[in-house]
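Notes follow once the structure below has been shown.
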Amino acid sequence: MKEFTVAGIQIAYNADNKSKLIKKAVEYLKKAKGEYNASLAVFPESITTGFNPGMKPEEFYKELDSIPGRDTEQIQEAARELDLCVLWPIYEKGPEGIIYNSAALFNGDGNLAANYRKTHPFPTERLEGGGWTTPGNETTVCQLPFAKVGIIICYDGDFPELSRILALDGAEVILRPSALMRSFEIWELTNKARAYDNHVYMVSVNALGKDRGGSLCFGHSMIVSPVAQTLALARCSEEIIYASLSPDPIKHISYGSDAIQKFDHIEDRNVGVYGTILREGRSAFEPAERIPYKK
């Protein structure tokens with residue numbers, strides 16, 4: 001990994017005027033490059049439509065396009081003009097009515113470097129929960145010119161196993177575009193835990209404002225270091241957060257300390273005791289309602 005600057009672009013939904021939203025996104029990309037010299041910019045989950053579409057899946061499907069497609073063209077052009085890698089999370093039109101919650105990663109040439117499809121849609125987002133999304137079934141780690149990045153989306157960050165796979169596959173930075181509507185404490189905890197668990201940077205960019213379904217997101221995007229230090233934190237407003245990521249972040253146990261680190265959570269795993277982890281299960285406690293997961 002090389003030292004580089006990453007920017008989280010936290011802008012509000014505008015599902016009723018997608019073209020205006022995309023135009024605004026391009027202007028923010030220009031700012032991220034021009035003012036902060038960012039090499040990578042990350043947007044929130046489902047940025048062009050909002051998280052909850054507020055309509056039947058078959059109606060929503062007609063509104064969407066493939067990746068690459070008309071909802072990515074201007075972003076790809078901006079990435080190419082600015083020589084800027086961009087994570088652009090949108091709903092993707094799949095075959096025969098299938099809708100994926102996706103995050104398209106474009107490189108500095110404007111070409112598609114990776115397209116991750118959310119593997120853990122939120123229960124009410126899944127079709128069997130009355131939602132609209134079909135889960136993906138592949139993990140994504142992509143080598144960019146300056147770092148190896150993995151991608152997860154929002155609720156994915158609640159599952160330690162997923163981020164651990166990305167770390168095992170060499171991810172140095174995990175990007176987590178989100179539309180998280182639970183508490184700030186849960187948002188902060190899961191971001192810091194995934195960073196510290198796996199000795200990775202977390203770039204977690206949360207949605208802002210209300211979508212067409214009435215869902216309200218609180219922003220507070222954050223960039224977290226591999227020792228769980230908050231390097232950048234947004235407010236509940238439209239803005240860019242940014243940080244320079246060091247290629248040598250775990251020599252010391254904590255920030256502001258000279259105490260050296262002598263452990264590696266990836267190497268130090270006692271994998272022999274994990275033999276039964278890959279099995280179905282459920283919490284010992286009962287939620288208010290269970291939504292079956294068709295896998």
Report yes if some heavy atom in the side chain of L231 is under 4.5 Å from a heavy atom in the side chain of I223; otherwise report no. yes
E92 bridged to R117 by N-O distance under 4.0 Å: yes
Can you establish whether the number of heavy atoms outside E286 located under 6.0 Å from its atom CD is more than 12? yes
Relative to Y100, does K118 satisfy both conditions: NZ or CZ under 6.0 angstrom from the six-membered ring centre, and within 45 degrees of the ring's axis? no
Partner of F4 under ring pair (Phe, Tyr, Trp, His ring centres under 6.0 Å), picked from F146, Y201, Y242, is F146
Compare every heavy atom of F43 with every heavy atom of I11, then report the nearest pair and how far apart it is. CD1-CE2, 4.0 Å
So Y196 and F263, would you call those rings parallel, tilted or perpendicular, with 30° and 60° as cut-offs? perpendicular
Establish, from distance only, whether the side-chain atoms of N206 and S178 form a donor-acceptor pair under 3.5 Å. no
Salt-bridge criterion met for E35 and K30 (N-O under 4.0 Å): no
E58, CD atom: more than 12 neighbouring heavy atoms under 6.0 Å: yes
For Y293, does the six-membered ring have the charged nitrogen or CZ of R126 within the cation-pi criterion, i.e. under 6.0 angstrom from the centroid and within 45° of the normal? yes
Do the side-chain N and O atoms of Y61 and W132 include a donor-acceptor pair separated by under 3.5 angstrom? no
